[in-house]
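Here's a structure for you.
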2 protein chains.
Amino acid sequence: MLVFNKNYQSIWPDESDPSVIRVIDQQKLPFFFETRELRSVEDVYGAIKDMTIRGAPLIGAAGAFGIYLATLEITSLTNVDQHLANAARYLISCRPTAVNLSWAVNYVLDRLKKDTFAPSLSSAALKAAMEICEMEKENCRQIGKHGLKLIEKISKRKKGKPVNILTHCNAGWLACVDYGTATSPVYFAHDKGIPVHVWVDETRPLNQGARLTAWELGQYGVPYTLIPDNTGGHLMQHGMVDIVIVGSDRTTRTGDVANKIGTYLKALAAYDNKIPFYSALPSTSIDFNIRNGLSEIPVEERDPGEVKTVTGFIDKKILSVRICPENATAVNYAFDVTPAKYITGLITEKGICRATEKDIKEMFSDKFK
Amino acid sequence: MLVFNKNYQSIWPDESDPSVIRVIDQQKLPFFFETRELRSVEDVYGAIKDMTIRGAPLIGAAGAFGIYLATLEITSLTNVDQHLANAARYLISCRPTAVNLSWAVNYVLDRLKKDTFAPSLSSAALKAAMEICEMEKENCRQIGKHGLKLIEKISKRKKGKPVNILTHCNAGWLACVDYGTATSPVYFAHDKGIPVHVWVDETRPLNQGARLTAWELGQYGVPYTLIPDNTGGHLMQHGMVDIVIVGSDRTTRTGDVANKIGTYLKALAAYDNKIPFYSALPSTSIDFNIRNGLSEIPVEERDPGEVKTVTGFIDKKILSVRICPENATAVNYAFDVTPAKYITGLITEKGICRATEKDIKEMFSDKFK
């Protein structure tokens with residue numbers, strides 16, 4: 001997508017050095033636009049862990065490139081399988097909630113076993129990782145096309161008045177490889193000349209909404225308004241939200257959606273005010289093995305320091321300020337689970353379906369066991 | 001309540017200078033504990049406007065002292081009524097949502113008319129303002145005693161395991177004159193040796209939870225954990241909250257509760273998880289004239305700059321950092337309204353009642369028209 005009118009993805013292999021994977025440093029946005037080099041499995045792990053890169057589809061792609069970098073680190077031919085298995089386990093352990101990470105890592109390992117015609121293990125791994133990037137881009141494009149129909153319908157009803165879309169966290173192109181999940185329908189609508197306006201939840205503690213979604217939308221020229229996470233309910237009560245679209249870090253086969261902490265509260269408010277609430281996700285974010293989101297999806301607990309501080313910009317510097325008493329105790333759950341009953345539908349690459357096991361099974365019969 | 005083991009109120013007349021009202025500067029907490037002098041109507045207006053002092057009962061008391069300071073500013077005996085009426089109108093205009101402000105200002109004006117035996121207008125006004133302080137303190141004490149019963153009941157059921165109370169914003173003694181509304185039952189329970197633990201919503205944009213409630217509870221030795229505003233729903237889903245108690249800036253005669261933005265979202269989550277949700281408020285926060293909170297309570301819109309920045313502490317200084325793109329548009333609604341149907345009950349100075357017109361009328365028959 002556009003950054004200063006130039007096209008970017010969130011992750012790509014360096015054009016001049018094949019041993020380098022390049023990413024946009026999302027910790028520094030929107031204050032500085034910088035890219036960062038990943039040269040090792042350790043670099044990939046670190047970049048995911050410290051949120052240089054984040055978002056379920058993107059950390060999947062990064063994990064895939066991580067296996068590629070692992071193939072470059074092979075020093076002996078006797079323990080290749082063990083080396084890659086260790087790298088895979090290490091990468092997958094980095095963040096527990098999103099299912100894309102393990103899916104993508106295992107996809108690359110699987111392709112390495114099958115792709116016996118590749119000139120080298122590394123070239124096979126790079127090819128597989130690039131396949132994942134292309135697949136995720138195409139998934140997001142399709143999500144955009146399907147989601148567009150929902151926005152078009154509302155726009156017609158509103159006779160051209162802007163369609164107000166509320167989103168939480170960043171499920172934009174930065175979280176994916178390109179286009180985004182929740183934002184993809186918005187970009188498609190904007191490109192088609194449909195007036196849209198996005199309510200952007202700031203999304204404490206790490207403010208991915210205020211920092212990333214606001215920046216993305218601004219770069220693309222989509223009108224938006226930043227709001228505290230507390231505000232969405234009030235807007236919905238007063239008819240100022242037409243549709244909620246969020247992403248997903250993991251969705252069960254029954255339609256329960258794990259997403260950034262706070263998503264559940266917005267789903268409740270949408271339900272209370274009869275506003276459609278959609279989760280946009282590629283099927284790579286669906287965990288077809290589990291049925292109960294609340295009991296089966298592990299919710300990552302992160303450093304309480306992220307809650308006790310806020311990072312922002314002042315005097316040309318990025319600074320973290322403490323917002324509470326020094327000795328305060330804090331807790332930092334990164335995700336919550338929205339039960340399927342509060343979700344109007346899932347916007348996937350194959351189309352829109354209800355958040356029920358029956359409908360998900362109909363749409364993804366090939367992946368159901 | 002205790003600050004560094006010394007007893008304080010949030011507002012009081014200076015002991016040595018009768019023309020000075022002294023308040024704790026809540027903008028500087030928890031980083032610095034400082035008091036500020038209010039010497040004029042203008043000072044009171046400014047202190048309420050810039051949130052040096054906030055909280056429905058406290059701004060009521062401050063408004064009352066504002067009329068006292070107005071009596072000190074009388075320069076001619078010919079236009080006393082007009083002068084005081086102007087001061088009253090000015091003070092009431094400062095913040096539109098809380099009803100206590102207009103109630104307290106009018107209370108003092110009314111007493112001035114009736115208290116014909118006072119040695120001077122000023123002494124009558126000071127006496128009336130002090131009456132309001134004493135009344136609000138006693139209201140909060142009674143709220144504490146009534147609310148204590150709810151906590152005791154849960155504690156018995158939990159066989160002595162800590163009672164987990166979630167609160168939003170600061171409805172503590174800083175928001176009142178003393179004790180607090182939502183926190184008063186907590187302090188009473190703590191004093192009685194009942195193990196309690198408070199989940200403190202940080203309460204963006206101005207972080208009254210992270211800054212003030214955390215500080216208050218810490219000073220009093222009550223265990224608490226700071227959480228982002230996004231977190232409460234997840235905690236409730238996982239049985240980690242036993243009761244929610246919040247304050248109120250204005251409550252209708254039918255039980256709709258206006259309170260800090262985001263309260264409504266917590267009420268929805270409590271309702272969804274069958275967790276009791278109470279609003280603790282003195283009857284001075286009830287607007288007996290209105291029935292529909294959503295359409296009749298004016299919701300203050302504050303400076304969007306408060307949303308685009310976060311104020312915190314670094315290098316021994318209080319600093320505001322920008323958390324979004326520089327040119328971001330933001331909006332800042334200060335309150336929302338929780339419909340009565342989501343409220344288990346109101347904890348008032350007269351006892352606990354359901355949030356219905358019938359029950360409120362029964363409890364406050366003298367104030368019902």
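Chain identifiers are assigned alphabetically (A, B, ...) following the order of the sequence lines, protein sequences preceding nucleic acid strands; residue numbering begins at 1 within each chain.
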Does the side chain of B:P205 reach to within under 4.5 Å of the side chain of A:E202, using non-hydrogen atoms?
->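 No, every pair of side-chain atoms sits at 4.5 Å or beyond.
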Which of the residues B:A210, B:G209, B:G218 is involved in the greatest number of heavy-atom pairs with chain A at under 4.5 angstrom?
->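 Result: the option with the highest number of such pairs is B:A210.
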Compare all side-chain heavy atoms of A:L319 with those of B:I314 and state whether any distance is below 4.5 angstrom.
->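 Yes - at least one pair of side-chain heavy atoms lies under 4.5 Å apart.
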Chain A contacts, top residue of B:T329, B:L217, B:T263 (heavy-atom pairs, under 4.5 Å) =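 So the answer, after comparing B:T329, B:L217, B:T263, is B:T329.
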If you count heavy-atom pairs under 4.5 Å with chain A, which of B:L268, B:D315, B:I318 comes out on top?
->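 So the answer, after comparing B:L268, B:D315, B:I318, is B:L268.
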Contact class of B:Y271 relative to chain A, heavy atoms under 4.5 angstrom |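 For B:Y271, there is no contact with chain A at all, as no heavy atom is under 4.5 Å.
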Does A:R322 reach the side chain of B:F31, with side-chain heavy atoms less than 4.5 Å apart?
->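 Yes, their side chains come closer than 4.5 Å.
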Among B:Y224, B:W199, B:W215, residue most engaged with chain A (heavy-atom pairs, under 4.5 Å) |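 The answer is B:Y224.
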Count the heavy-atom pairs under 4.5 Å between each of A:S320, A:P339, A:G262, A:P304 and chain B, then report the option with the highest count.
->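 Option with the top pair count is A:G262.
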For B:V310, which of A:T309, A:I323, A:T311 qualifies under side chain to side chain contact (heavy atoms under 4.5 Å, CB included)?
->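 Going through A:T309, A:I323, A:T311 one by one, the side chain to side chain contact (heavy atoms under 4.5 Å, CB included) with B:V310 is satisfied by A:I323 alone.
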Checking heavy atoms, do the side chain of B:Y264, its backbone, both or neither come under 4.5 Å from chain A?
->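 Interface part for B:Y264: side chain.
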So do the side chains of B:L265 and A:H234 get within less than 4.5 Å of each other, counting heavy atoms only?
->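 Counting from C-beta outward, B:L265 and A:H234 never come under 4.5 Å.
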Locate the shortest heavy-atom distance separating B:D272 from A:K341; write the atom from each residue and the value.
->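 Answer, listing the atom of B:D272 first, then A:K341: OD1-NZ, 4.3 Å.
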Considering all heavy atoms of both residues, which atom of A:T231 and which atom of B:I261 are nearest to each other, and what is their separation?
->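 Scanning both residues completely, I find the closest heavy atoms to be CA-CG1, 3.8 Å.
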Counting only heavy atoms closer than 4.5 Å, note whether B:L29 contacts chain A via side chain, backbone, both or neither.
->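 Neither part, no heavy atoms under 4.5 Å.
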Region of B:S295 that comes under 4.5 Å of a non-hydrogen atom in chain A =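 No part of it gets close to chain A.
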Report the option among B:N327, B:T225, B:L235 that has the most heavy-atom pairs separated by less than 4.5 Å from atoms of chain A.
->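 With the most close heavy-atom pairs to chain A, the winner is B:T225.
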Of all the heavy-atom pairs spanning B:P325 and A:A214, show the shortest one and how long it is.
->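 Of all heavy-atom pairs spanning B:P325 and A:A214, the closest is CD-CB, 3.7 Å.
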Are the side chains of B:N230 and A:K260 in touch, meaning some heavy atoms are under 4.5 Å apart?
->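 A side-chain contact under 4.5 Å is absent here.
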Would you check if A:H238 and B:L294 make a side-chain contact, meaning some heavy-atom pair closer than 4.5 Å?
->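 Of all side-chain heavy-atom pairs linking B:L294 with A:H238, at least one is under 4.5 Å.
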Measure across A:C324 and B:P30 and return the closest heavy-atom pair with its distance rounded to 0.1 Å.
->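 So the two residues come closest at C-CG, 3.7 Å.
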B:R204 vs A:D229 side-chain heavy atoms within contact, under 4.5 Å |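 Not touching, per the 4.5 Å side-chain cut-off.
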Highest number of heavy-atom pairs under 4.5 Å with chain B: which of A:T203, A:D336, A:V200, A:V307?
->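 So the answer, after comparing A:T203, A:D336, A:V200, A:V307, is A:V307.
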